Q: 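Before I ask anything, let me first share the structure, which is written out below as structure tokens.
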Amino acid sequence: LSNGYFRTLISMGAIYHGDNNLLAKLYYDVGRSVMQNNYEIDNSFGDVIILYHNLALLYYNLGINEEAIKVLSEVIEMCNDHFGVELEKLRLLSDLEYIKGDTKSEMEYLKEIVNINKGIDHRLHDYMRLIYLEHLLSDKDLLQDAVFYFNEFLDDIVHSFSYLTEENREIFVEKKRYDAEALKTILVSGLVRLSESGLLSDKNKSDLIQTLYDNELLMKGILLRTIKGIKSIVYNRKDMEGITLLNKIEDYKVALSLDTITDNSRNSLKDSIDYYERNLMHEVISYESLKKELAVEWNDIKGCLLDNEVALEFVKVPYIAFDSVSYERNVFFAIVLKKDSKNPEIEMLCRESDLEEIMLNKAHLPTNRFVNNLYRSGNPRITYGEKLYHCIWEPIDKYLNEGQTIYYSPSGILNSLSFNAISHNSKYLCERYNLRLVLSTSEIIRKKDNDNLNLESSVVYGGIKYDVSAFEMKAESSNYTSKYESDSSSFLDSLQVRSGWNYLEGTEEEAKSIFERLIGNHVSASLITGIKANEESFKSFDGNSPSLIHIATHGFFLSDPKEVAHNPFLNRLGVDFNDSNNSSRNSLIRSGLLFAGANRAWIGEDSLDGVDDGILTAEEVSKIDLSNTDLVVLSACETGLGEIISSEGVFGLQRAFKLAGVQTIIMSLWKVPDSETSKLMVLFYENLLSGQGKHDAFRNAQMAIKEEYSSPYYWAGFVMLD
């Protein structure tokens, strides 16, 4: 019998542990017998420790504490005969004291573990246990170790990112995400508990809040910000070697996205991407330059705020609820920073489950009723406006003054809410504050450069025909040449909303009105409608995009696994909703925009050789260079939605256009009405062309529509994201 058999027994026991404790115990007992009968178990004492540890925990879960103590004592004695297992022995000893109920001894062992690990082996679950013990023993000094750990954590990430490829960075962050989440839990849980007990000095409290904020600034959207940061470093320096490498990488990525390449070609392309990315990181991107891009601190943001401006960072924390000695799944906090703040302030908001309950209560309703009931005040049995305000905004209202500009960055489920429409005493937040949505409040540092739109050139799409004959599609496709090979590859709704692939009459009028206003104000503009508004026309912007792109069409984001499974278009692309190894890519494919002829591919008709299918996925957008584009207006349904993936945010069209290099995006959070959307968009452009900044132009257009249509359904569905 080999080590492999022994490890298999341990693994099988772990699989059944908690679900079938008796079967788990059987596997552990057989494993113990194998070990005790001196079979060929070589160089595997670490596995022996795992076996005994799991068995002891099993006894403890079953309430048989004396057996758990006996098993732990046995393996601890065995540790005395082995070298290099000091940490493992300390963990076993801390568990032993935990089961015995000797909290002070348990804490001493855990402190020893943390001191040994500091700067060497970051295992934050040891910190987590210590934070809980603080509740019992009030050891406030331990929280300062968390501040120390963050600095180690920051250096580790930036150092690793300075040589890792994009794919490896994603793997690395996924491994580190637990540490980042645990660190937030440590900081918040200890901060709240010790503040309540009066054991935390003002200095220590400010240090902990600052560290929590800096941690969120580091981790929120770190993969996206790294990609943007690398491009910024290269182009700002006008580094020709870096520009050449970036172009090669992008070309290979485009080729890799094609569904016609062979497995051998795919592997070869991946190797080439890896090779050029390593060259880029080694030859062009330094540790210092990357750290400057990533390591934004709260003080940097404070220094950029004006007197009437506020930074509001929402943080989702896996919070320890000490009172019930349990874990809340997630709790939202808000960090508030003003120009005159000595330190950031923090407030606990609500549990994620509270918001989910509010959202799910009305999810079965038609969109207009769902939106009205979710945001408006009134009968609390029907409307949820006051409850939403109480959950999200009431705790921070005391820091704010009406008329202030508030840069806010949501987290988790908050990304799906229109903050403008949250109401209190029949007054919406947009009537009290000037709200500006940002991916992270670190974007405030660049805010002074992105308010005025430089309208050098523009392209307007609308009146797109989704039913196009094969002959027409081929004829229009032939007008474009591109490095992008053809991607040819139950949304019917009788309502005139921007969902379902029916023709949208309002979009043609909208596009023409906007085009005429642009031309009338001497802005270079192109109008693309009907069958000419094909996917090829959009992809032709690659590397030479206009400063403004307006797209009035259908948008989609598929979140229902059953809908994904039965969708002919996604089936052809091989999208597996449950494929965790490709969750990021799958999320981008499940979101997109519709161009001419899209119905053909959507219902599963045969593809046309050399012709794009008319369905522009978010993944395809992300591979196009739109860095010359300041503003993209997605005048379509649900273009702001997507899969929320941990601290990286929303994986959908908004991420795709950011990856493509677009500065600002206007997008929608629900199925918006066709006619009222056209009015909103025309008003926005009238404001913009009259000299208003893009943020004021958008806000003023929404407020004008609100005066005409009181329901948030008509005016609050669109948001502007920097």
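Heavy atoms only: backbone and side chains are in, while hydrogens, waters and symmetry mates are out. Please read all numbers here as calculations on a predicted model, not as lab measurements.
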Q: With a sphere of 6.0 Å drawn around NZ of K465, does it hold more than 12 non-hydrogen atoms of other residues, nucleotides or ligands?
A: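 No, because the 6.0 Å sphere around NZ of K465 holds 12 heavy atoms or fewer from other groups.
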Q: Centre-to-centre under 6.0 Å for Y384 and F370, is that the case here?
A: no
Q: Do D696 and R699 sit within salt-bridge range, that is, some charged N less than 4.0 Å from a carboxylate O?
A: no
Q: Restricting to non-hydrogen atoms, name the atom on E386 and the atom on N425 that form the minimum distance, rounded to 0.1 Å.
A: OE2-N, 2.6 Å
Q: Would one find more than 12 heavy atoms of other residues, nucleotides or ligands at under 6.0 Å from atom CD of E509?
A: no
Q: Between W393 and Y408, does the ring centre distance come in under 6.0 Å?
A: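 No, ring centres 6.0 Å or more apart.
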Q: D722 and K658: salt bridge (Lys or Arg N to Asp or Glu O under 4.0 Å), yes or no, with the steps?
A: CA-CA 9 Å; D722 285 324; K658 284 293 182 180; 5.5 Å; no
Q: Consider ring-ring contact (aromatic ring centres under 6.0 Å, His included). Of Y407, F314, Y389, Y375, which one does F419 pass it with?
A: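 Among the candidates, only F314 passes.
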Q: How long is the gap from CG on L721 to CG on N415, to the nearest 0.5 Å?
A: 9.0 Å
Q: Going by the side-chain hydrogen bond (donor to acceptor under 3.5 Å, both in side chains) test, name the single residue among S442, S411, S409 that passes it with E313.
A: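 Only one option passes, and that is S409.
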Q: Stepwise, does the side chain to side chain contact (heavy atoms under 4.5 Å, CB included) test hold for K302 with K339?
A: CA-CA 5 Å; K302 177 183 173 181; K339 185 177 180 62; 5.6 Å; no
Q: Please step through salt bridge (Lys or Arg N to Asp or Glu O under 4.0 Å) for the pair E708 and K679, ending with a clear verdict.
A: CA-CA 11 Å; E708 187 174 355; K679 288 184 180 181; 3.1 Å; yes
Q: How about H550 and Y685: are their ring centres within less than 6.0 Å of each other?
A: yes
Q: Does the side chain of S524 pick up a donor-acceptor pair with the side chain of S457 at under 3.5 Å?
A: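 Side-chain D/A pair, S524 to S457: absent.
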Q: What class does the angle between the rings of F538 and Y461 fall in, given that below 30° is parallel, 30 to 60° is tilted and above 60° is perpendicular?
A: tilted
Q: For the residue pair N420 and W715, what are the closest heavy atoms and their distance?
A: O-CH2, 4.0 Å
Q: I'd like to know whether K706 forms a salt bridge (Lys or Arg N to Asp or Glu O under 4.0 Å) with E431, so could you lay out the CA-CA distance, the side-chain angles of the two residues, the decisive distance to 0.1 Å, and finally the verdict.
A: CA-CA 10 Å; K706 185 177 73 66; E431 297 175 291; 3.1 Å; yes
Q: Quick one: which of I346, D214, N343, L337 gives a side chain to side chain contact (heavy atoms under 4.5 Å, CB included) with I209?
A: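 One option only clears the test, and that one is I346.
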Q: Could you tell me if the ring centre of W670 sits under 6.0 Å from that of F718?
A: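 For W670 and F718, the ring centres are not under 6.0 Å apart.
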Q: Is E620 paired with K539 through a side-chain N to carboxylate O contact shorter than 4.0 Å?
A: yes
